[in-house]
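Encoded as structure tokens, the structure appears first; notes follow it.
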Amino acid sequence: MIQSNLAHEYVGDIPWDENPAFAFSDDAEQYLRAFKSVVDVIPVGGGKISFADEIWDFNPYFDGINDDSLKVQFIGLPQPLADYCKFFILYCIMGKKKISTANVRLSSFRSIYCNIAKTTSHDSIWLITTEDIMNEVKRRNISAGGQHDIFESVYQVYVFLKGNYHFELPVDLERLKKAAIEAKTTAKKDDSKLPNIPEEYFIAIVSAAVRVMRDIAQDYNVRTTACMLVMLSQLGLRLGDLLALRTNQLHSKKLAKSGVEAHYIHYKSRKPSKPHDKMLEFDVFSTPLCTEAFKILKELRNKCPLSMGNDYLFILEKRRNSKDDLPIPNHRFNHEYKKFLLAFLPEMSQRQWDGIPQSQYYVARNKYIRVSVPDTRQYRVHLCTALYEKGIPLAYIQRYMGHLSEYMLGYYVRPKDTFQENVKYTEEIVREIAGDGLTPLGGSFGEEIKVNIQKFIEDNNFNVLTDVSAIVKAMGERVIIRGKTGGVCIKTSLMPCPKETRTNEMFCAYNLCPNLFTFFYMADVTYMDFQMLQHTYEAMQSTGKTKAAQKELNKLKELCRRRLLPELKELRKELEKQGKDTICIKYPTLSEIVANQDKIEKEISTWMRKS
DNA sequence: TCCAAAGGAACAAGGGAAAG
DNA sequence: CTTTCCCTTGTTCCTTTGGA
């Protein structure tokens, strides 16, 4: 049995002796480690959770988050079921599930349970049958995706009850699982992706936001909300990440050639991060408009008393009903956002727009009006689509949006057709390799791949200039080309693969895959990576983290050796062959690099000598 | 062996009761 | 009389698996 004094660190007074502990190991250390991996901090002073509490609020255990999903509610569950459910939450945490996930599972189960108990004669866990659950879900008339969530949740709680307590309950676990899978399948077929925001509405919203942002006569809450909307439209961040921004996250950099000061925002994101890993960090380019909004917010917040003692960028005024927790919860922002649309775009916001959901807004007793409010994620869609239409390659967009997987490549771009995208991308790369004679750099056998592809084309009597799509078709499975973060993945049976699949995946994740290639025109992105590693190294060095700094330095050297140096060398060759002007017109993003190549090369050799 | 589909986890919004 | 908050529903995105 787990020692209760150890348990007190995170949740106090756990009556371990009331739990048969079939689901828990005897290892108190493991319990602590598990907790440490799913929360950021132990709250100082009061606010620690006691096992007996009806609500377990984990928000104080986290930094930069304030969300209902971290509040686990046990209200409505009878004893001893409530206690069983509390152990279910502990069990999930031991399994290193995020608390928000455990909460979704429990709250779905709870709502199903409570409704059945209220509406039927089966008013206890001992009486509720599979049939009751099925009927309750059917009665709710919800989407397939929602059904999946409920079935899955109920299934998981029941598995815990049966496994941990060895209860005999009249439910068929297999049937529940099956129903969950079925619902998932239909949900997949439905394919209801978020549409883009109509251009007319988008422009109206952004220009209204900019106007209000600059208007010093406007109220504090209205102006700060306008600033946030401007940033949302420019950055396309998730709402949670946007609300968690701090005043020190805007950075700037002088562009070497033009002397222009460019800004970027460095932020952390919870969403793509696993519970036992560090939060992933990203840099996004901050447009002048966004930078302006950031600076205005930073200045405005000084007027607000709630800004004392914290550095959150977005703070709303004190409210009568509010606990005034920080960061500002999503629903408070959403309310201000809705109000903003109605106040500054009274006609447009009440019009019906394609793909924009409408929601209620209270005006008077029993009187609501419908407002067209774009989902905050639709700004993400808009940004991606806009970038795409400007001709930005998908691989760059993926990187920019902080997407980790190839799955998301093109996900946000509407209309979306991943297969077509891949074909188009493949054709482009083939044209470059075979037609322009570019050599894939950084991986193994880049030169050989070029020669083999060119030979394949020659053998089959294709003309690279005119037959690219025919070539791609003919190559079929023999050459697979995909855009990846930071490069191009080329897998080909025309060359032997030196590594087996498992290691490949590992290498792939660290951008070291032997199949990952870059081309000289990606040198600008590589150079940015190079500079980012420099900053990380220096930051770690100056805080005395020598070991971690050394790791960064090794990464940096590897980056130079495998990618940056070969790319620059190739760039020189191409410059000689095609001339500076041609290159700069063809690859405008390279002009900075071209202008400063000598300086950059010197910079590299300085870093390579470091130890 | 390979990758599309299944699975799983997290983020976000809507609606209405509750709070002052 | 408004705004907040609780509960429920809906969407997005990352990882693993199963079957061709």
Side-chain angles (χ1 to χ4, degrees), chain A residues 55 65 67-71 73 75-76 92 95-105 107-108 110-112 114-115 140-150 152-153 156 177 180-185 187-194 221 237-241 243 269-275 277 280 316-317 319-325 328-339 357-368 371 373-378 380-381 401-409 411-412 418-419 477 480 482 491 497 500-502 504-505 509:
Chain A
I55 297 173
I65 204 171
D67 199 274
D68 288 345
S69 62
L70 295 177
K71 260 190 205 168
Q73 316 262 350
I75 297 163
C92 288
K96 290 191 179 171
K97 283 187 184 169
K98 286 194 187 173
I99 287 168
S100 50
T101 308
N103 196 11
V104 165
R105 295 286 167 250
S107 78
S108 299
R110 190 165 58 101
S111 85
I112 291 288
C114 289
N115 247 312
R140 293 189 180 196
N141 200 16
I142 51 179
S143 76
Q147 284 183 29
H148 164 79
D149 248 13
I150 289 183
E152 187 61 37
S153 303
Q156 285 189 13
K177 189 70 185 176
I181 294 169
E182 245 166 57
K184 181 76 179 186
T185 315
K188 281 268 162 177
K189 279 189 198 133
D190 287 354
D191 189 38
S192 52
K193 302 271 181 275
L194 272 183
N221 274 3
L237 292 191
R238 296 182 187 89
L239 186 56
D241 293 337
L243 292 169
S269 181
R270 259 202 169 79
K271 167 87 171 163
S273 313
K274 293 251 85 184
D277 285 343
L280 296 174
L316 289 172
E317 271 173 339
R319 272 278 180 251
R320 210 167 36 157
N321 279 349
S322 178
K323 290 182 263 177
D324 292 315
D325 285 337
I328 298 292
N330 292 8
H331 52 256
R332 287 195 68 192
F333 172 79
N334 281 331
H335 186 78
E336 296 292 332
Y337 171 34
K338 224 186 272 187
K339 209 162 71 174
Q358 291 203 308
S359 71
Q360 293 185 357
Y361 187 85
Y362 176 90
V363 267
R365 197 189 174 80
N366 290 329
K367 203 176 153 225
Y368 293 86
V371 193
V373 187
D375 189 307
T376 50
R377 286 162 297 183
Q378 287 182 288
R380 234 166 132 68
V381 175
M401 300 307 287
H403 289 146
L404 297 183
S405 66
E406 199 180 319
Y407 170 76
M408 286 310 292
L409 200 64
Y411 188 94
Y412 268 117
T418 322
F419 178 71
E477 293 294 295
I480 294 166
R482 293 281 155 78
K491 288 186 190 165
C497 180
E500 54 108 5
T501 336
R502 280 286 153 202
N504 262 356
E505 267 165 28

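Below, chain A is the first sequence line, B the second, and so on; all start at residue 1. Just the heavy atoms: all of them, side chains too, but no hydrogens, waters or symmetry mates, feed the values below.
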Would you say a side-chain N or O of [X] is under 4.0 Å from OP1 or OP2 of [N]?
X: Lys339(A); N: dT3(C); answer: yes
X: Arg380(A); N: dT11(C); answer: no
X: Ser359(A); N: dG15(B); answer: no
X: His335(A); N: dT3(C); answer: yes

Spacing between [X] atom [atom1] and [N] atom [atom2], to the nearest angstrom:
X: Asp375(A); N: dC13(C); atom1: CG; atom2: P; result: 11 Å
X: Gln378(A); N: dT11(C); atom1: CD; atom2: P; result: 11 Å
X: Ile112(A); N: dC7(C); atom1: CD1; atom2: C1'; result: 13 Å
X: Arg105(A); N: dG8(B); atom1: CZ; atom2: P; result: 8 Å
X: Ile150(A); N: dT9(C); atom1: CD1; atom2: C1'; result: 8 Å
X: His331(A); N: dT3(C); atom1: NE2; atom2: C1'; result: 9 Å
X: Leu316(A); N: dT4(C); atom1: CG; atom2: C1'; result: 12 Å
X: Asn330(A); N: dT11(C); atom1: CG; atom2: P; result: 17 Å

Check: Glu336(A) main-chain N/O paired with Asn221(A) side-chain donor or acceptor under 3.5 Å: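 No, the answer is negative, given that no donor and acceptor are paired below the 3.5 Å cut-off.
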Please list, chain by chain and in numerical order, all residues satisfying side chain to side chain donor-acceptor pair (under 3.5 Å) with Ser153(A), sequence neighbours excluded.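 In terms of side chain to side chain donor-acceptor pair (under 3.5 Å), with neighbours along the sequence ignored, Ser153(A) is linked to Arg105(A).
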Considering only [options], which nucleotide approaches the side chain of [X] most closely?
X: Gln156(A); options: dC5(C), dA9(B), dA12(B); value: dA9(B)
X: Arg332(A); options: dA9(B), dA13(B), dC5(C); value: dC5(C)
X: Tyr361(A); options: dC5(C), dA13(B), dT3(C); value: dT3(C)
X: Gln360(A); options: dG16(B), dA12(B), dC5(C); value: dG16(B)

Determine the minimum heavy-atom distance between Ile328(A) and Leu243(A), stating which atoms define it.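 Reported closest heavy-atom pair: O-CD1, 3.4 Å.
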Least distance between heavy atoms, Phe333(A) atom then Leu239(A) atom: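 Where Phe333(A) meets Leu239(A) most closely, the heavy atoms are CD2-CD1, 3.6 Å.
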Does Ser108(A) reach a base, just sugar-phosphate, or nothing at all? Heavy atoms under 4.0 Å.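 It contacts nothing in the nucleic acid.
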Going by heavy atoms in the side chains, are Val373(A) and Tyr361(A) under 4.5 Å from each other?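 They are not in side-chain contact.
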